[in-house]
Amino acid sequence: MIPQFVVSTLAVLVVVLIAAYGFASGAYAIHLALIAVPVLIYLINHPAVWMIWIYAFSQSGLIFPGLPQGLQVVHALMAGMVGLQAGRLAIEKIGLGRRRGATDFFLIAFMGVLIVTAAVRGLGLRALGAETWGGMSYIRLWIVGSFFLLTKALELSERQLVRAIYFMLAMSLLPAIGQIVFLLSGGKIYQQYLFLEAYVGGLVSSLQALETGGPVRLHMLGQVSFTMFMIGAILIERRSIISRALYLGVALICVTFSALSGFRGRILYMLFMLAVLELLRDGEIRFRRLWPVVVFLALLTPSIYLLSPILPGSVQRAFSWLPGIEIPWHIRLEATMSTMNRQIVWEMAWNDVPRYLWIGKGFAINPIELQSPSVIADWVLFSYLSHNFHNGPLSLLVCTGIPGFVFGTLFLVSSCIYFARFLPDVKEFPLIRRAYVFLLANHIYSVISFYIVFGDVRESLPPILINLSLMQSILNSVEVEKVAAQRSRRRKIFATF
């Protein structure tokens, strides 16, 4: 625990900084942040609660007026936690926690590559008067990377873990509700995006689909399906027939939400997770457990084929990859064009590789180019100029060069191997085991998807690092429980003499 005089000093310093910034900038709404100071003092003395808030807000997309554009509330919470841990290291001389060897080294090396890239290609912080934009992508990656490195000594108990996943579900509903309200109002109610990060492209395309009769994609339901499925996979034991039926019911709802988002990758994610969660249910690989998944898919697939003509357009798009499925031609064309456009972006990005082999292109972009009407109207050109290549390997190679590609890939692969090694350690604790298996399966899919389905350094790595941080918190909790159990056994042994 940090001494109280240090906490009081930090609180006064925060109040002074907030007030000074508010008066100097004329943004008097910033003074509302003073309300958060008592909350900050509470969180400093309860780091586990702070961690729960971080995991919950990571699903929310919440922003706060006054935060630099590009940063969400969760990034501010992470930065605060990093500062807290750095302060504890300096004052209390605490350990950094479990050593992760190569995994940490590769991440630190990758973050170093980002520093060199930003120094050579430009940071792109318009808040500092830069002519280019995009610097917040560096800031986000440095914050989340530091969070993963500095919080590996913290733990979450079973009770705290359950609270965290419930709050994650509640927070994931906010972007979905915001999008539904926006669409139902025909775009007239948009004030919620003063406090929610807007997926502008998805909102505009869905609004246009309402007018033209195209597939209305509820993109944000994909995140709801993730958190809901996480709750079902962790809290439902799947031992009795009733519990297994309940689990499959939750899975069916999540498949439906994933389909309504219109993302084909979300369907692949659900199929992968259903299979791997059964395969590793007890912390060991047993292929005979896959039969419930096979039965589930055998019943679901014919139903999709039979109902495909009357399904909503977004659902038809999500299942458009199934061979021979009957869907309207314009939806199939839109899905096919999306794939073809990505291939064009990949070709354009690949041509840039020789120019950025050793020092990547970076994340800084020219806003004047993006604001051109011809670029706005051309999805391919806009994606290319904004460095959104929709391909993980190309994103690493072009944006961070060969050093970033090597260290980034080594980090992702080594993290899978490292955390998979600890599956036997969680076998004694059923709920913790189910949570760890879910998060491990989610991480493995994220890495595979990054290289095969969709990947972007700026968008894919932060969720991966948050997922790994949650896994590390669970492992630390298991260690604490085991130490407590050993002490209890020793007391009982000594009590017999």
Side-chain angles (χ1 to χ4, degrees), residues 55-62 72 74 165 167-184 192-193 196-207 209 214-233 250-274 276-277 300 304 311-322 331 334-335 338-339 342 388 390 392 438-439 441-450 452-456 458-464 466-467:
Y55 295 133
F57 278 98
S58 69
Q59 307 297 315
S60 70
L62 278 174
Q72 300 178 10
V74 65
I165 61 176
F167 285 138
M168 289 169 75
L169 174 61
M171 289 296 181
S172 70
L173 292 172
L174 296 180
I177 293 172
Q179 185 184 20
I180 292 171
V181 170
F182 177 82
L183 294 178
L184 289 178
Q192 63 270 29
Y193 291 109
L196 291 173
E197 188 168 82
Y199 175 30
V200 178
L203 292 173
V204 172
S205 64
S206 295
L207 197 60
V216 179
R217 300 172 57 186
L218 300 176
H219 301 82
M220 299 309 170
L221 282 181
Q223 198 64 25
V224 177
S225 70
F226 163 73
T227 52
M228 183 178 291
F229 187 53
M230 178 170 61
I231 287 178
V250 172
L252 184 59
I253 294 172
C254 294
V255 169
T256 303
F257 283 178
S258 298
L260 286 170
S261 73
F263 288 117
R264 291 164 287 185
R266 280 287 176 184
I267 302 299
L268 296 177
Y269 169 79
M270 287 298 303
L271 297 178
F272 178 90
M273 292 296 288
L274 283 169
V276 175
L277 291 182
L300 180 63
I304 294 171
L311 291 174
S314 57
V315 179
Q316 292 174 333
R317 186 188 190 280
F319 288 107
S320 61
W321 52 274
L322 289 175
I331 292 178
E334 191 272 337
S338 175
T339 302
R342 289 189 184 193
N388 187 8
H390 289 71
F438 179 90
L439 294 170
N442 183 65
H443 176 59
I444 293 173
Y445 178 84
S446 297
V447 173
I448 295 173
S449 174
F450 181 80
I452 298 177
V453 181
F454 170 84
D456 183 272
R458 300 165 297 182
E459 302 299 326
S460 301
L461 285 189
I464 286 175
I466 293 171
N467 188 84

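Keep in mind that the numbers below use all heavy atoms, side chains included, and drop hydrogens, waters and symmetry copies. Model, not experiment: these values are computed from the prediction.
When every heavy atom of Ala56 is checked against every heavy atom of Met171, the shortest pair comes out as O-CB, 3.2 Å. The heavy-atom pair separating Ile267 from Val255 by the smallest distance is CD1-O, 4.0 Å. Residue Arg266 comes nearest to Ser258 through the heavy atom pair CB-CB, 3.8 Å, listed as atom of the first residue, atom of the second, then distance. Contact record, Ser206 with Gln179: OG-NE2, 3.8 Å, taken as the closest heavy-atom pair. The shortest non-hydrogen separation linking Cys254 to Met270 is CB-CE, 3.7 Å.
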Item to complete: Go through the steps for Val453 and Tyr445 under the test side-chain contact (heavy atoms from CB on, under 4.5 Å), then give the verdict.
Response: CA-CA 10 Å; Val453 181; Tyr445 178 84; 4.3 Å; yes
Discussion item. Set out, in order, the CA-CA distance, both residues' side-chain angles and the distance that settles side-chain contact (heavy atoms from CB on, under 4.5 Å) for Arg217 and Ser205, then state yes or no.
Written reply: CA-CA 8 Å; Arg217 300 172 57 186; Ser205 64; 5.8 Å; no
Worksheet entry | side-chain contact (heavy atoms from CB on, under 4.5 Å) between Arg264 and Ser338, worked out | CA-CA 11 Å; Arg264 291 164 287 185; Ser338 175; 3.7 Å; yes
Item to complete: Give the C-alpha distance, both sets of side-chain angles, the deciding distance and a yes or no for side-chain contact (heavy atoms from CB on, under 4.5 Å) between Val224 and Leu173.
Response: CA-CA 6 Å; Val224 177; Leu173 292 172; 3.9 Å; yes
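A heavy-atom distance below 4.5 Å is not found between the side chains of Ile444 and Val276. With a 4.5 Å cut-off on side-chain heavy atoms, Leu207 and Leu203 do not count as touching. Between Phe57 and Gln72 the shortest side-chain heavy-atom distance does not fall below 4.5 Å. Counting only heavy atoms from C-beta outward, the side chains of Phe257 and Gln223 never approach each other to under 4.5 Å. Contact of the Leu277 side chain with the Phe229 side chain is registered, since non-hydrogen atoms from C-beta on lie closer than 4.5 Å. Taking the side chain as every heavy atom from C-beta outward, Val315 and Ile304 never approach each other to under 4.5 Å.
The line from CZ of Phe450 to CD1 of Ile464 is 6.5 Å long, rounded to the nearest 0.5 Å. Separating the CG atom in Leu221 from the NE2 atom in His219 is a distance of 10.5 Å, to the nearest 0.5 Å. Atoms CZ and CD, on Phe167 and Gln59 in that order, are 14.0 Å from each other to the nearest 0.5 Å.
Tyr269 and Phe226 have tilted rings, their planes meeting at an angle from 30° to 60° on a 0 to 90° scale.
Atom OH of Tyr193 sits in a crowded spot, with more than 12 heavy atoms from other residues, nucleotides or ligands closer than 6.0 Å.
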